[in-house]
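Following: one structure in structure tokens, then a few remarks.
Atom set for the values below is all heavy atoms of this structure, side chains included, hydrogens, waters and symmetry mates excluded. All values derive from a computational prediction rather than experimental measurement. Residue indices begin at 1 and follow the sequence shown.
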Amino acid sequence: MLSVHQLTCFLAAYEEGSLTRAAERLGYAQPSVSEQIRTLERSLGVQLFRRVGRGVVPTTVADEMRPHAERVLAALDETQKAVQGVKSFETGTIRFGMFGIARLYAGAGLVADVLARYPGVRVELIGQNSTEVQEDLRRGRLEAAMLAVHNVSSEGMSVTPVAREELVYVSADPERLTTPVTAHRLSQASLVMPETTYRAVDSTRQTLRQMLHETGRNPQTRIEVEDIETAVELVGMGLADTVIPRGAAEQLLPRLAPDAGWVSLRPRQFDTFAVVHRTDAVLSPAARLMIELATARIRAVAEPLHRR
């Protein structure tokens, strides 16, 4: 089997026309270069050089072999550079999981943060809902993620809360915004809610179901949609009210429902944003970078939570 060492000695001898000069160029002992070339010749069953005086002359087989050897060594060099590039964040792909409405908190800004440090990388932010992202973590498709979680415990997962965001009641009817919305009032409201595909596991809906537990009712959804922007637009049209994170309301209402407003729930309710990864995972430098930058972005918008 051919080796990198053999091909390196072959090309040096071919280009230098001398085993002695090839050895000097490579920093090897001359007998070592000679032995590598003899081993290569035996492996291939051909003669690659003829001795002429103190030098060597390549055979026609060596002439034919040279460009192939150059391509092999060039490919190996590119492979090494690619690996080193990923290691130093100069090239490669960084993948990180995010909760569904992350675009309103850290999406574009997070990508910009990464590219400002490492302009050669490729960035992938993965996820439409925290539940599906957590499944990707379990299966090893992602190393780490920033998720909206209903509670801070999950079997087999390390969950580190970094911020929380108040859930607020949004309506285009000023009379519904004069006082905080109690569980009883919420149970009677006509709501439009996003994340309909994930309605059973969405963290916001889980929080609302827990809030309404004592009333014996679930939130009454009049309209189900997938994205939060559509929900806010429908609120602006006066067709229903909604409950969404405060940061999302502050960003979306001026643009999509300028006549609508928001008020707190009573008692106040929160979504928790947490860094999540497998308990046994050894995080790569790329994952640690994304955790650092995503945490900073989330805490700039939501209320920071610090580990005690």
Side-chain angles (χ1 to χ4, degrees), residues 1-97 110-126 136-145 277-278 280-293:
M1 182 179 293
L2 305 185
S3 73
V4 174
H5 195 191
Q6 291 169 357
L7 294 179
T8 300
C9 291
F10 163 73
L11 284 177
Y14 188 103
E15 293 166 1
E16 295 294 339
S18 166
L19 297 179
T20 300
R21 289 197 297 272
E24 291 173 350
R25 167 175 153 182
L26 297 174
Y28 300 154
Q30 191 270 341
S32 175
V33 173
S34 298
E35 178 58 26
Q36 290 299 317
I37 291 176
R38 282 196 298 270
T39 302
L40 180 58
E41 289 177 327
R42 286 196 299 269
S43 176
L44 295 173
V46 298
Q47 183 180 1
L48 296 172
F49 297 98
R50 294 189 301 273
R51 289 186 175 275
V52 179
R54 294 187 176 182
V56 293
V57 176
T59 64
T60 55
V61 175
D63 291 333
E64 182 69 19
M65 180 176 165
R66 178 188 181 184
H68 298 285
E70 289 175 334
R71 284 196 292 271
V72 168
L73 294 180
L76 290 172
D77 184 61
E78 287 300 314
T79 299
Q80 186 174 20
K81 288 180 180 178
V83 172
Q84 292 301 315
V86 173
K87 186 176 180 181
S88 63
F89 301 123
E90 292 174 1
T91 60
T93 299
I94 296 178
R95 305 178 76 240
F96 190 70
L110 177 57
V111 173
D113 290 343
V114 176
L115 295 182
R117 294 196 189 189
Y118 306 104
V121 302
R122 181 173 179 268
V123 182
E124 294 182 4
L125 295 184
I126 310 297
D136 283 343
L137 288 169
R138 291 186 193 280
R139 294 176 178 270
R141 297 170 182 162
L142 290 169
E143 278 192 87
H277 58 80
R278 294 190 310 279
D280 59 354
V282 178
L283 297 178
S284 68
R288 292 196 297 269
L289 169 71
M290 295 302 289
I291 288 171
E292 172 195 341
L293 296 178

_Heavy-atom pair with the smallest gap, counting every atom of Ala13 and Phe49_ = CB-CZ, 3.9 Å

_Aromatic ring pairing Tyr28/His5, orientation class (parallel under 30°, perpendicular over 60°, tilted between)_ = perpendicular

_Can you see whether Thr60 engages Glu64 through a side-chain donor-acceptor pair at a distance of less than 3.5 angstrom?_
no

_What I'd like to find out is whether the side chain of Leu44 reaches to under 4.5 Å of the side chain of Leu2, using heavy atoms alone._
yes

*For residues Leu19 and Ser34, report the shortest heavy-atom separation together with the two atoms involved.*
CD1-OG, 3.3 Å

*Side-chain heavy-atom pair Val123, Phe96 within 4.5 angstrom cut-off*: no

_Just so I know, are the side chains of Glu15 and Arg25 near enough to count as touching, which here means a heavy-atom distance under 4.5 Å?_
yes

*Determine the minimum heavy-atom distance between Gln47 and Thr59, stating which atoms define it.*
O-OG1, 2.8 Å

_Just so I know, are the side chains of Ser3 and Gln36 near enough to count as touching, which here means a heavy-atom distance under 4.5 Å?_
yes

*Check: Glu16 and Val56 side chains under 4.5 Å, non-hydrogen atoms*: no

*Could you tell me whether Arg54 atom CZ has more than 12 heavy atoms of other residues or ligands within 6.0 Å of it?*
no

*Could you tell me whether Arg50 and Glu41 make a salt bridge, using a distance below 4.0 angstrom between a side-chain N and a carboxylate O?*
no

*Decide yes or no on side-chain contact (heavy atoms from CB on, under 4.5 Å) for Asp136 and Arg95, but give the supporting numbers first.*
CA-CA 12 Å; Asp136 283 343; Arg95 305 178 76 240; over 6 Å; no

_Tell me whether Arg21 is salt-bridged to Glu24, with the criterion being a basic N under 4.0 Å from an acidic carboxylate O._
no

*asked:* I'd like to know if Glu292 and Arg288 make a salt bridge, using a cut-off of under 4.0 Å between side-chain N and carboxylate O.
replied: no

